[in-house]
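So the structure is just underneath, and the comments pick up after that.
A quick note: this is a predicted structure, and the numbers were derived from the prediction, not measured. Residues take their numbers from the sequence shown, with the count starting at 1. Atoms within each ligand, like the ligands themselves, are counted from 1 in listed order.
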Amino acid sequence: MPEKLSVVILAAGRGKRMGSDMPKVLVESDEGPLLGLVLKTALFLNPSLIALVTGHKRELTDAFVEAWKKKNSHQVVVSSVVQEQQFGTGHAVLQALPILEKAHGPVLILYGDVPLLSAETLALLAQEHEKRKATISVLTALTSRPHGYGRIIRKNGELAAIRESKDCSAEEQLIQEINTGIYLVDSSFLAPALRGLKNENSQKEYYLTDIVEKAVSEGQRVCSLLAPDFRECIGVNTLEDLTEVNAILRSQRIAKFQRAGVTFCDPTSVNISCGVTIGTGTVIGPNVQILGSSALGERVRIEGTALIQDSTIGADTILKLGVRIESSIVGAHSTVGPFAHLRPETILAEEVKIGNFVEVKKSSLLKGSKVSHLSYIGDAEIGAEANIGAGTITCNYDGSSKFRTVVGEGAFIGSNTSLVAPVEVGKGATIGAGSVITKSVSEDALALTRAEQREIANWSKKKKRSKGS
Ligand code: UD1
Ligand code: CA
């Protein structure tokens, strides 16, 4: 990169078209406020300073920037300037001139609502600007849906002007090369050009874009660089644009995981939050959401239709169809599902098996334990290698308080047992099927509360006979 750049970010607008009263640049994308994404890209260019033009509800924008600065302060100076009333993009940059006075090199102007620009494209623009000794360099892009963007007007192939959508003739509306809103401008040209702007247009605004025509009329060198992909130049004016930006961010995250060895059976149906980490060799089926601060180990297999929120999944674990896991830890070599629900504060050690239609809440299950079918385990500690039979329920709630159940190592809980907490089942103990356990059970004992079976011989035949009479 040549001389150090100064960066101006325009962030004063309200964004009426978003249907919100927030400053538009604070609108949340999947990866945080739009302005955060623009600031991150600006940092990559190692600028000498960043001037941020704020206006509508600027106290909110300033608070965001203060927090951002705390995280990045060692890298660059960010100064806010106020544009009291939003008279247009040209008027906005004008407010930043006092800060830019010390700037000698080129000034990079970024719009706070264009969040996906890559630092590579901006570096390319800076190189071109330097190489061609331009006064202004404009980043343009090609799109089949140019509506709403300023159009690039060329004469004999040379950039002559930028015409706003609302000011375009019917013929100009057809132009598919658009203004991305990103420019490099020599500081000596910028100040007088801004001071000379007029607001004689359909919106009665001072358009920054008019400095291009001015430079051309003065015989200055004006260059343009075509962005490699329109998608990185999307301006967020409407909620529809925001949805498009989020879809692009999502597919970029998935592409990054694919490059790191994660397989997606149907990437378009998968949503992975930006803080998530996934180990190599992991295979993710269709319709899966992995959200918050979740972390998946290596070679995890997720069959599909799953939601994992703020949870850790150990290596080689299989999540079968239809699991929901929240704020939990699942150890390595475990199996969960199909159709299982791990609620917050569930901790599964290694080689644990949670089978179909099992719900676990705030419980620890130690190594090799199994809850294979139709159970509820809440506020419990299940020892290593313990086997919890089908339909077992921890009765952890008496209507006002919660109580704990402890099942010792290697214990065997017969099917359809109710463990009425607080209760403890000793190591190696066995509970007979269908028991309601209300008292603690000693190590290696057998406990059962089942009512004794009675048998009345030929009862059915007698019943039929009495009906017939
Ligand atoms: C602008 C460009 C258009 C370009 C498009 C690219 C102008 C006149 N038009 O149009 O050529 O194709 O961006 O996305 O520049 N802002 C202020 N103060 C103001 C007005 C705007 O700070 O007085 C800020 C906004 O917060 C926003 C940015 O400038 O971050 C762009 O403003 P916006 O109104 O969205 O411009 P567009 O109509 O999209
Ligand atoms: Ca815009």
Tell me: protein heavy atom nearest [atom], and distance?
atom                    : answer
atom 37 (P) of ligand 1 : Arg17 NH2, 4.0 Å
atom 21 (C) of ligand 1 : Thr89 CG2, 3.8 Å
atom 9 (N) of ligand 1  : Glu164 OE1, 2.9 Å
atom 30 (O) of ligand 1 : Leu10 O, 3.0 Å
atom 22 (O) of ligand 1 : Ala12 N, 2.9 Å
atom 12 (O) of ligand 1 : Asn179 O, 2.6 Å
atom 35 (O) of ligand 1 : Asp113 OD2, 3.0 Å
atom 31 (C) of ligand 1 : Tyr111 CD2, 3.5 Å

Atom indices of ligand 1 within 4.0 angstrom of [X] heavy atoms, with elements:
X      : answer
Thr180 : 6 (C), 14 (O)
Tyr149 : 6 (C), 12 (O), 14 (O)
Thr209 : 7 (C), 8 (C), 11 (O), 15 (O)
Gly13  : 17 (C), 22 (O), 25 (C), 26 (O)
Phe87  : 23 (O)
Asn237 : 35 (O), 39 (O)

Is there a nitrogen or oxygen of [X] sitting under 3.5 Å from a nitrogen or oxygen of ligand 1?
X      : answer
Gly235 : no
Gly150 : yes
Tyr183 : no

_Once you restrict to heavy atoms under 4.0 Å, what part of Ile178 touches ligand 1? Side chain, backbone, both or neither._
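The answer is neither; Ile178 stays 4.0 Å or more away.
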*Where's the contact between Cys233 and ligand 1, heavy-atom distance under 4.0 Å: side chain, backbone, both or neither?*
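Answer for Cys233: neither.
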Donor-acceptor list for residues 354-362 side chains, cut-off 3.5 Å, not counting sequence neighbours:
residue	atom	partner	partner atom	Å
Asn356	ND2	Ser372	O	3.2
Glu359	OE2	Arg343	NH1	2.5
Lys361	NZ	Asp379	OD1	3.3
Lys361	NZ	Asp379	OD2	3.0

*asked:* Counting only heavy atoms, tell me which of Gln83, Lys24, Gln86 gets closest to atom 18 (N) of ligand 1.
replied: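 Result: the heavy atom closest to atom 18 (N) of ligand 1 is in Gln83.
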*Ignoring hydrogens, just give me the one of Pro23, Gly88, Ala92 whose non-hydrogen atom is nearest atom 23 (O) of ligand 1.*
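Checking each option, the heavy atom nearest atom 23 (O) of ligand 1 is found in Gly88.
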Below 4.0 angstrom, N of the basic side chain to O of the carboxylate: do [X] and [Y] qualify?
X      : Y      : value
Glu158 : Lys155 : no
Glu31  : Arg253 : yes
Arg231 : Glu244 : no
Glu326 : Arg324 : yes
Lys320 : Glu303 : no

*Counting no waters, what protein N/O/S atoms lie under 3.0 Å from the Ca ion (ligand 2)?*
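Counting only protein N, O or S atoms under 3.0 Å from the Ca ion (ligand 2), the list reads Asp113 OD2, Asn237 OD1.
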*Give every residue pair that meets the ring-ring contact (aromatic ring centres under 6.0 Å, His included) criterion with at least one member in residues 187-222, sequence neighbours excluded.*
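Pairs touching residues 187-222 that pass the test: none.
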*Would one find more than 12 heavy atoms of other residues, nucleotides or ligands at under 6.0 Å from atom NZ of Lys204?*
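Counting neighbours around NZ of Lys204, more than 12 heavy atoms of other residues, nucleotides or ligands fall under 6.0 Å, so yes.
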*Among all residues two or more places apart in sequence or in another chain, which pass the side chain to side chain contact (heavy atoms under 4.5 Å, CB included) test with Ser269?*
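With sequence neighbours excluded, Ser269 shows a side chain to side chain contact (heavy atoms under 4.5 Å, CB included) to Asp266, Pro286, given in chain and number order.
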*Would you give the length of the straight line joining atom CG of Leu49 to atom OG of Ser79, rounded to the nearest 0.5 angstrom?*
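It comes to 6.5 Å.
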*How many angstroms lie between CD1 in Ile175 and OG1 in Thr143, if you round to the nearest 0.5 Å?*
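Rounded to the nearest 0.5 Å, the CD1-OG1 separation comes out at 13.5 Å.
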*Member of Leu296, Ile318, Val270 meeting the side chain to side chain contact (heavy atoms under 4.5 Å, CB included) criterion with Ile302*: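 Only one of Leu296, Ile318, Val270 forms a side chain to side chain contact (heavy atoms under 4.5 Å, CB included) with Ile302, namely Leu296.
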_Give me the atom names and distance for the closest heavy-atom approach of Ser334 to Glu350._
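Heavy-atom minimum between the residues: OG-C, 3.8 Å.
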_Do Ile388 and Ile377 have side chains that approach each other closer than 4.5 Å (heavy atoms only, starting at C-beta)?_
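Counting from C-beta outward, Ile388 and Ile377 do come under 4.5 Å.
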